[in-house]
There are 2 protein chains.
Amino acid sequence: MELFTSTYENRIDRKGRVSVPAKYRSILEHRNEPLILTRALNLPCLEGMSAERMNQIADAIDALDAYSEDAAILQMIMASAQEFRPDSEGRIGLPDEFLAHANLDEMVLFVGVGRIFQLWQPNAYHERENISRNAARSGRTPQLILKPRANGGQNGDSK
Amino acid sequence: MELFTSTYENRIDRKGRVSVPAKYRSILEHRNEPLILTRALNLPCLEGMSAERMNQIADAIDALDAYSEDAAILQMIMASAQEFRPDSEGRIGLPDEFLAHANLDEMVLFVGVGRIFQLWQPNAYHERENISRNAARSGRTPQLILKPRANGGQNGDSK
DNA sequence: TGCTATCCCATAAAATCCCATGAGAGCGAC
DNA sequence: GTCGCTCTCATGGGATTTTATGGGATAGCA
């Protein structure tokens, strides 16, 4: 499976390290790409993605006028991004800015949301989940429009 | 990764030297290219890049009318460019014009913005970051259209 | 002779490597 | 089904290396 799914709650040890879920790691390793984390623009969480996606953003920046305000905002994404190379046990050390942005202390909740995954303070995520769920119950469901994929033939392989 | 990301705040010592972040150094060394610094055109910061990037800018200038005002302005980028060779500990000495242009005194904030990086007076950058972040929060986010890349893409997605 | 830039060595803190342990999932034999 | 074996994975912590930084020594240069 090429998509990040499910959730995993892992501990931050006293050195500030946390294990990246093995499922996520194997996706990145399978693509032979390093792990990138960024601070989400408008949420108190971190976002994890492959380097491929960062390159796409860099391309988007280059396509803009280098001195425009739009470019400045996209550059903020790059400035908050950091490359991580998990140690031999699959852990990464989270720097203070990242811990602070997502209010992380003891535990981290990894949340797979498809092409990327998020890192949440567990309670913060559960609150947010309840809010969204209640919104859905009260009828405010989003439109979900599925389109056929271009490369219909290939499906997910695995280990 | 090939991109300059994240931020690093380093001290200018009493001899006027500052360490170039090891991550940035290794990118340049990996490409076997010297470090070039310029004064940013419309911002109080310096910009660091590889020599290859300089060539791209030169190409962009050539694409303009050689006698236009725009070309004259962009040529100032080249005029302010200077090549630096870090010492054995990875430090460079910043000349006075550069210190003055970016109002640098004690600390330098290296800000990776993709294909280049910037050198800011820390407070000056944080102010600018707040402005951009508020703009992003209030909905004025730039269009971000991610395009599949020519070389890297194993995952055929479009969205 | 002063000034400046560069080389070299030293050091503390932070990041990373490496080995160990234990819980738990999966699996096969019975 | 269930017992026990194996393997994976998250976690802990000591050992080692990297990195930023300070400063003395040396060599040009005005």
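So that the names make sense, note that chain A is the first sequence line, chain B the second, and so on, each numbered from 1.
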Rounded distance [0.5 Å steps], CD in A:Gln118 versus CG in A:Leu43: 6.5 Å

Atom pair CE (A:Met49) and CD1 (A:Ile57), whose distance is rounded to the nearest 0.5 Å: 6.0 Å

Expressed as a whole number of angstroms, how long is the span from B:Ile92:CD1 to C:dT6:P? 11 Å

In this structure, would B:Met107 and B:Leu37 fall into the same cluster of hydrophobic residues linked by side-chain contacts under 4.5 Å? no

Decide yes or no, distance alone: a donor-acceptor N/O pair under 3.5 angstrom between the base of D:dG13 and the side-chain of A:Arg17. yes

Whole-Å distance separating the CZ atom of A:Arg11 from the C1' atom of C:dA23: 13 Å

Treat primed atoms plus P, OP1 and OP2 as sugar-phosphate and everything else as base, then score nucleotides 25-30 of chain D 5' to 3': B for base contact with protein heavy atoms under 4.0 Å, S for sugar-phosphate contact only, - for none. B-----

N/O donor-acceptor pair, side chain A:Glu89 with base C:dC17, under 3.5 angstrom: no

Report the nucleotide, chosen from D:dA10, D:dA20, C:dC8, that has the shortest atom-to-atom distance to any side-chain atom of B:Ser88. C:dC8

Would you say B:Met76 ends up clustered with B:Met78 if hydrophobic residues are merged whenever their side chains have heavy atoms under 4.5 Å apart, either directly or through other cluster members? yes

Checking only heavy atoms, does the side chain of B:Arg91 share a donor-acceptor pair with the base of D:dG22 at less than 3.5 Å? yes

Would you kindly check whether a donor in the side chain of A:Arg14 faces an acceptor in the base of D:dG14, or vice versa, at under 3.5 angstrom? no

Rounded interatomic separation in angstrom, taking CD from A:Gln82 and C1' from C:dA14: 13 Å

Please verify the inter-ring angle class for A:Phe4 with A:Phe117; under 30° counts as parallel, over 60° as perpendicular, anything in between as tilted. perpendicular

For the pair made of NZ in A:Lys23 and P in D:dT8, what is the distance, rounded to whole Å? 14 Å

N-O pairing of B:Arg17 and B:Glu89 below 4.0 Å: no

Return the nearest nucleotide to the side chain of B:Asp13; candidates are D:dG22, D:dT11, D:dA10. D:dG22

Just how far, in rounded Å, is P of D:dC9 from CZ of A:Arg25? 7 Å

Using 30° and 60° as the class boundaries, would you call the ring planes of B:Tyr8 and B:Tyr24 parallel, tilted or perpendicular? perpendicular

To the nearest angstrom, the CG-C1' distance between B:Leu94 and C:dT4 comes to 15 Å

When rounded to whole Å, the CG to P distance for the pair A:Asp87 and D:dT11 reads 12 Å

Whole Å only: how far is the CD1 atom of A:Ile12 from the P atom of D:dG13? 16 Å

